[in-house]
Amino acid sequence: MAKERLFELIREEDVVLFVGAGFSLYADYPSGAKLAEIIYNKLTKEEREEIDFTNDLSKLTEDIYHLKRQNNNLILSCIREVFSVPPKSIITHQLLGKIPQFRTIITTNYDSLIETCNKDLEVVRKSKDIPMINRNRPVLYKIHGDLNNLDEIILKTSDYENYFIKDKEQAIFWNQIKSALARHHILFIGYSLEDSNIRTIIEKIYKELGDLKKEAFFISPSVKRVKKSFLDSKGIQYIESTGEEFINELTEDLRLNYFPHILSKGGSADTALLFGEKYDFIVDISKERNKPNLILNRIIPSDKSQSTLGNIKLSINVDEKTRPKIVDFQSGKSESLFLSRDNIKDYSEKFGQVQIRDVSLIKSVIVLRVPILFKNVCLVFENGYETKELEIKF
């Protein structure tokens, strides 16, 4: 299925995340259509009579721009007002902030929720930011600008007509983005195909990439048949889901399957370290020369008050030689049980919310019978003799 395939590609750090305004709806920030309505209502009654309302944000703002005699002040002040309001919720953005497997995130959003909820991101708004970024960190490209520099935001139709421009100042910026999109698969989330701008963006991307394009996926709770045909024509796989639902499912998949994946198939040590850090564990990882998989030497909680032991599950093969030993141990006839590597069929260990699973890590297992309760008690005998407190192991 498309979703399982997408999860696998994300575990491999091979997906560029493309984020639109719909991803911030739960935070109570407006969609493009709603923002168009807000801006239109800022006009005077006389001005509203001069232009027809449309929920196509780029077209409406273009009309207002010309109505105001090439003046953007009303539009920009409205955007500042809307996105300066504290968000209603940031839960999904916080979960996204714990997914360093997205090495490149591109957003058309004006809000700052993505970078606010992930302090490990390198934020790039223009070419001059690129030389200063840490290449070992995930990167966020804000291709439509934001509140930091409202004069350079992309909003009007004329702005979109210059999308992927060859302007010398921004050439490095766009080349970095095009390089990421050419090298990796693409996930669109938070977009509606009712918005003409996302179709323009997709058209531009695919025109630039040509035959270089890889698989792409489009997350949306609903897409009309005629719009889905547009996705099909571009070879983009549609997954029916809200952004919140998808990020929740992806988070669970990474918790359970990311470490097992990199231990068997390989991955980036930087991402593994960052992933562990985000779930409050210090990960000690190494790599053998000429081998793709990583070696997990140990994993310990960042908080020393936490137990270093995880929740361990073993699945064992029982042969005729081992069976009597297990029976003796279960019945209490022996205090320990030795299991060789050949006896271990599967193994998993859960540290907090993160699962480790790699049978090759195990050489052997010794199971010990240990007391489950320590308590100080006084013993009173029939003749009335009473002991002092003794430590008893149950």
Side-chain angles (χ1 to χ4, degrees), residues 15-24 27 29-30 32 35 39 57-58 61 65 72-73 75-87 90 93-94 96-97 99-100 102-184 186-191 195 197-198 200-202 204-205 208:
V15 175
V16 170
L17 180 63
F18 222 113
V19 184
F23 193 69
S24 297
Y29 285 156
L35 183 57
I39 294 174
L57 180 61
S58 61
T61 52
Y65 174 72
N72 268 336
N73 289 346
I75 299 169
L76 299 182
S77 64
C78 188
I79 290 175
R80 181 184 290 109
E81 179 183 335
V82 168
F83 293 106
S84 295
V85 175
I90 57 172
H93 282 80
Q94 288 174 328
L96 175 60
I99 305 177
F102 288 125
R103 302 299 296 175
T104 301
I105 301 176
I106 302 170
T107 186
T108 52
N109 293 352
Y110 306 121
D111 67 66
S112 60
L113 294 184
I114 296 176
E115 59 267 40
T116 298
C117 293
N118 187 353
K119 300 302 182 183
D120 295 304
L121 282 174
E122 297 287 333
V123 182
V124 177
R125 298 178 178 88
K126 51 181 61 179
S127 293
K128 69 178 184 180
D129 298 329
I130 293 173
M132 296 180 286
I133 65 175
N134 182 343
R135 298 288 178 177
N136 296 324
R137 295 286 186 176
V139 180
L140 170 66
Y141 292 96
K142 305 203 74 171
I143 64 174
H144 282 184
D146 59 16
L147 302 186
N148 285 278
N149 197 341
L150 283 174
D151 291 335
E152 297 184 8
I153 67 170
I154 294 177
L155 182 61
K156 307 185 301 297
T157 300
S158 56
D159 298 328
Y160 278 92
E161 289 172 352
N162 291 322
Y163 201 78
F164 280 127
I165 56 175
K166 300 298 182 182
D167 179 74
K168 291 182 179 179
E169 182 183 346
Q170 292 295 73
I172 298 175
F173 178 78
W174 292 119
N175 286 339
Q176 288 284 319
I177 293 171
K178 286 185 284 186
S179 175
L181 294 175
R183 288 183 289 110
H184 301 287
I186 308 172
L187 169 60
F188 296 97
I189 193 168
Y191 291 102
D195 181 354
N197 290 332
I198 183 56
T200 300
I201 289 172
I202 292 174
K204 292 288 186 179
I205 289 172
E208 289 287 329

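Hydrogens, waters and symmetry mates play no part in the numbers below; they use all other heavy atoms, side chains included.
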Please report the closest heavy-atom contact between K156 and N72, naming both atoms and the distance.
-> NZ-ND2, 3.6 Å
Does any N or O in the side chain of D159 come within less than 3.5 Å of the main-chain N or O of L155, such that one atom is a donor and the other an acceptor?
-> yes
So, do Y110 and L150 sit near enough that their side-chain heavy atoms are less than 4.5 Å apart?
-> no
Do I153 and L76 come within less than 4.5 Å of each other through their side chains, counting heavy atoms only?
-> yes
Does the side chain of L147 come within less than 4.5 Å of S84's, by heavy atoms?
-> yes
Under 3.5 Å, side chain of N109 to main-chain N/O of D111, donor-acceptor pair present?
-> no
When rounded to the nearest 0.5 angstrom, what is the spacing between CD1 in I205 and CD1 in I106?
-> 6.5 Å
Out of curiosity, R125 CZ to F173 CZ, how far, rounded to the nearest 0.5 Å?
-> 10.0 Å
What pairs with Y29 under ring-ring contact (aromatic ring centres under 6.0 Å, His included), at least two apart in sequence or on another chain?
-> F83
Does some side-chain heavy atom of P100 sit less than 4.5 Å from a side-chain heavy atom of D120?
-> no
For F23, which residues count as a ring-ring contact (aromatic ring centres under 6.0 Å, His included) partner, sequence neighbours excluded?
-> H93
Is R137 reaching over with its side chain to a backbone N or O of R103, donor-acceptor style, under 3.5 angstrom?
-> no
For the atom pair CZ (F18) and OG1 (T107), what is the distance rounded to the nearest 0.5 Å?
-> 8.5 Å
Got I114 and N118 here, is their nearest side-chain heavy-atom distance under 4.5 Å?
-> no
Can you check whether I90 reaches T116 side chain to side chain, under 4.5 Å on heavy atoms?
-> no
Closest non-hydrogen atoms of A180 and V16, given as atom of the first, atom of the second and distance, are O-CG2, 3.6 Å
Side-chain contact test, heavy atoms from C-beta onward, threshold under 4.5 Å: evaluate it for D129 versus V123 and give yes or no.
-> no
Decide side-chain hydrogen bond (donor to acceptor under 3.5 Å, both in side chains) for S158 and Y65; before the verdict, give the C-alpha distance in whole Å, the side-chain angles of both, and the deciding distance to 0.1 Å.
-> CA-CA 10 Å; S158 56; Y65 174 72; over 6 Å; no
Between A21 and G32, which heavy-atom pair has the shortest distance, and what is it?
-> CB-N, 4.5 Å
Give a yes or no on whether a salt bridge exists between K142 and E115, defined as a side-chain N under 4.0 angstrom from a carboxylate O.
-> yes
Quick one: do L17 and I99 satisfy side-chain contact (heavy atoms from CB on, under 4.5 Å)? Show the steps, please.
-> CA-CA 11 Å; L17 180 63; I99 305 177; over 6 Å; no
One should read off an interatomic distance between I130 CD1 and M132 CE, to the nearest 0.5 angstrom, of 10.0 Å
Evaluate the side-chain proximity of I39 to L57: yes if any heavy-atom separation is below 4.5 Å, no if none is.
-> yes
Between atom OH of Y141 and atom CD of E122, what is the distance when rounded to the nearest 0.5 Å?
-> 10.5 Å
Kindly compute the distance separating CG (N136) from CD1 (I133), expressed to the nearest 0.5 Å.
-> 10.5 Å
Is there a donor-acceptor contact under 3.5 Å from the side chain of Y191 to the main chain of V19?
-> yes
Do the side chain of T104 and the main chain of V139 share a donor and acceptor less than 3.5 angstrom apart?
-> no
